[in-house]
Amino acid sequence: MDEGTVYRLPTDADGRTVYGTPEGVSWVSSDHLVVVSDRAKKGAASAPYRAKDQSIHLFLIPSAAR
């Protein structure tokens, strides 16, 4: 049985989460993933996620990870 592979969303230069509201995830091709993000909640705790909320994100999976 294949145990699969876990992929993590990119972080900032200091290792902090920047995609705090991912909602939908789908493979576009064998090496591309699309993620849509929900609206970040109001308040200071969600402030770091607002730059990427309500967006569509397309990621290329590096060949070394496959």
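Distance check: L33 CG to H57 NE2 gives 11.0 Å after rounding to the nearest 0.5 Å. The CD1 atom of I61 sits 5.5 Å away from atom OH of Y7, with the distance rounded to the nearest 0.5 Å. To the nearest 0.5 Å, atoms CD (E23) and CG (D53) are separated by 11.0 Å. The structure places CZ of R50 at 10.5 Å from OG1 of T21, a figure rounded to the nearest 0.5 Å.
Side chain of S37 to main chain of S55: a donor-acceptor pair is present (N/O by atom type, distance under 3.5 Å, no hydrogens or angles). Not a single donor-acceptor pair under 3.5 Å links the side chain of D14 to the backbone N or O of R16.
Contact between P10 and V18 at its shortest, heavy atoms only, is O-CG2, 3.5 Å.
Within 6.0 Å of the CZ atom in R39, the count of heavy atoms belonging to other residues, nucleotides or ligands does not exceed 12. Within 6.0 Å of the CG atom in L58, the count of heavy atoms belonging to other residues, nucleotides or ligands exceeds 12.
Between H32 and F59, the distance from one ring center to the other does not fall under 6.0 angstrom.
Follow the hydrophobic side-chain contacts under 4.5 Å out from V28 and you never reach Y19; the two are in separate clusters.
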Criterion side-chain contact (heavy atoms from CB on, under 4.5 Å) on I56 and V34, from CA distance to verdict: CA-CA 7 Å; I56 299 171; V34 65; 3.6 Å; yes
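Contact annotation: the side chain of L60 approaches that of D31 to within less than 4.5 Å [non-hydrogen atoms, C-beta and beyond].
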